[in-house]
Amino acid sequence: MMFKMNQLAVGLFLFLSSLFSCQQKGDFKSMNVDDFDNLIQNEDIQRLDVRTLAEYSEGHIAKTININVMDDSFASMADSLLQKDKPVAVYCRSGKRSKKAANILSEKGYKVFELDKGFNSWQEAGKEIEH
């Protein structure tokens, strides 16, 4: 009887661990600078900067909302500030945090476009920024 209980516990553990380790990543599209720039010309596209407030205040793309993706309340803040029926164009400094944010948002039902190499690539391309 004890052996069957251990087998059952091990089976349950393996099932649960596989469930959590194989979480599906969100569905979003990464874009280069020019495609991202063309996309955000559309007034219906929501612009989201997911860097820290300090980074944002040093310069950002015009008309962007700033929500730090590393903040524990990122998901709830996004839900209160963004509209699910409009696409979201998201970026960070280099592209790593924006991919994290894009995963979170797309899993919550947002249509997400992400600036592949981030604000760094935007600046390198000579695109307009606001301070």
Side-chain angles (χ1 to χ4, degrees):
M1 181 73 180
M2 192 63 163
F3 178 71
K4 282 207 179 279
M5 289 297 286
N6 284 344
Q7 243 184 340
L8 184 63
V10 168
L12 186 61
F13 172 78
L14 290 173
F15 169 75
L16 290 174
S17 63
S18 70
L19 195 66
F20 290 109
S21 65
C22 295
Q23 289 178 336
Q24 182 181 344
K25 292 295 182 199
D27 182 24
F28 62 90
K29 180 171 173 48
S30 289
M31 307 178 95
N32 66 33
V33 173
D34 290 330
D35 290 343
F36 192 83
D37 192 12
N38 287 333
L39 174 79
I40 64 174
Q41 299 309 312
N42 181 336
E43 291 293 320
D44 285 338
I45 304 293
Q46 303 172 95
R47 302 174 184 192
L48 179 62
D49 183 321
V50 297
R51 300 174 300 160
T52 65
L53 183 56
E55 289 173 301
Y56 179 81
S57 57
E58 289 172 6
H60 54 270
I61 297 171
K63 301 178 189 169
T64 54
I65 298 169
N66 176 235
I67 309 171
N68 182 354
V69 71
M70 303 312 278
D71 191 313
D72 289 340
S73 60
F74 172 78
S76 60
M77 288 174 66
D79 277 341
S80 67
L81 294 171
L82 299 172
Q83 299 171 40
K84 275 205 176 139
D85 61 342
K86 292 185 175 183
V88 180
V90 62
Y91 70 92
C92 66
R93 183 180 51 81
S94 66
K96 188 173 181 186
R97 288 175 286 174
S98 58
K99 286 173 180 52
K100 174 185 172 89
N103 275 323
I104 293 167
L105 294 172
S106 63
E107 286 176 357
K108 292 176 78 46
Y110 293 90
K111 181 163 179 61
V112 184
F113 299 92
E114 181 261 342
L115 180 56
D116 187 34
K117 296 201 173 28
F119 191 66
N120 288 348
S121 65
W122 184 268
Q123 286 182 294
E124 287 166 13
K127 300 289 185 180
E128 196 173 322
I129 62 169
E130 269 186 7
H131 291 278

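Because only heavy atoms are used, hydrogens play no part in the values below, and waters and symmetry mates are left out as well, while side chains stay in.
Salt bridge present: Glu43 and Lys63 bring a charged side-chain N and a carboxylate O closer than 4.0 Å. Looking at Lys127 and Asp34, a side-chain N of the basic residue comes within less than 4.0 Å of a carboxylate O on the acidic one, giving a salt bridge.
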- Task: Could you go through the salt bridge (Lys or Arg N to Asp or Glu O under 4.0 Å) check for Lys99 and Asp116 one step at a time?
- Result: CA-CA 8 Å; Lys99 286 173 180 52; Asp116 187 34; 2.9 Å; yes
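Within the 3.5 Å criterion, the main-chain N or O of Trp122 finds no donor-acceptor partner in the side chain of Tyr91. The main-chain N or O of Ile61 is never found under 3.5 Å from a side-chain atom of Arg47 such that the two would form a donor-acceptor pair. Within the 3.5 Å criterion, the main-chain N or O of Glu55 finds a donor-acceptor partner in the side chain of Thr52. Distance alone, capped at 3.5 Å, places no donor-acceptor pair between the Glu128 side chain and the Ala62 backbone. For Tyr56 (side chain) and Thr64 (main-chain N/O), a donor-acceptor pair under 3.5 Å exists by modelled atom type.
Counting only heavy atoms from C-beta outward, the side chains of Leu115 and Ser121 approach each other to under 4.5 Å. Side-chain contact between Asp79 and Lys84 is present, with heavy atoms from C-beta onward closer than 4.5 Å. Contact check for Phe28 versus Val90: no side-chain heavy atoms found under the 4.5 Å cut-off. At a threshold of 4.5 Å between non-hydrogen side-chain atoms, the residues His60 and Asn66 do not count as touching.
For the atom pair CE (Met77) and CG (Asp71), the distance works out to 6.0 Å, reported to the nearest 0.5 Å. Atoms CD and CG, from Gln46 and Asp85 in turn, are 7.5 Å apart once rounded to the nearest 0.5 Å. Here the OG atom belonging to Ser30 is positioned 11.0 Å from the CZ atom belonging to Phe113, to the nearest 0.5 angstrom. Atom-to-atom distance recorded for Asn103:CG and Lys108:NZ is 13.5 Å, nearest 0.5 angstrom. Remark: Arg93 CZ to Gln123 CD distance equals 11.0 Å, nearest 0.5 Å. Summarising the geometry, atom CD belonging to Gln41 is positioned 11.0 Å from atom CZ belonging to Phe36; distances are rounded to the nearest 0.5 Å.
Asp35 pairs with exactly one of Asn32, Asp37, Leu39, Val33 by the side chain to side chain contact (heavy atoms under 4.5 Å, CB included) rule, that one being Asn32.
Shown here for Glu114 and Gly95, the closest heavy-atom pair between the two residues is OE2-O, 3.4 Å. The two atoms that bring Ala78 and Tyr110 nearest to each other are O-OH, 3.5 Å, heavy atoms only. Heavy atoms only, all atoms of each residue included: Gly59 and His131 are closest at CA-ND1, 3.8 Å. For Ser98 against Cys92, the heavy-atom pair with the smallest separation is N-SG, 3.2 Å.
Heavy-atom contacts from other residues, nucleotides or ligands closer than 6.0 Å to CG of Asp72 number 12 or fewer.
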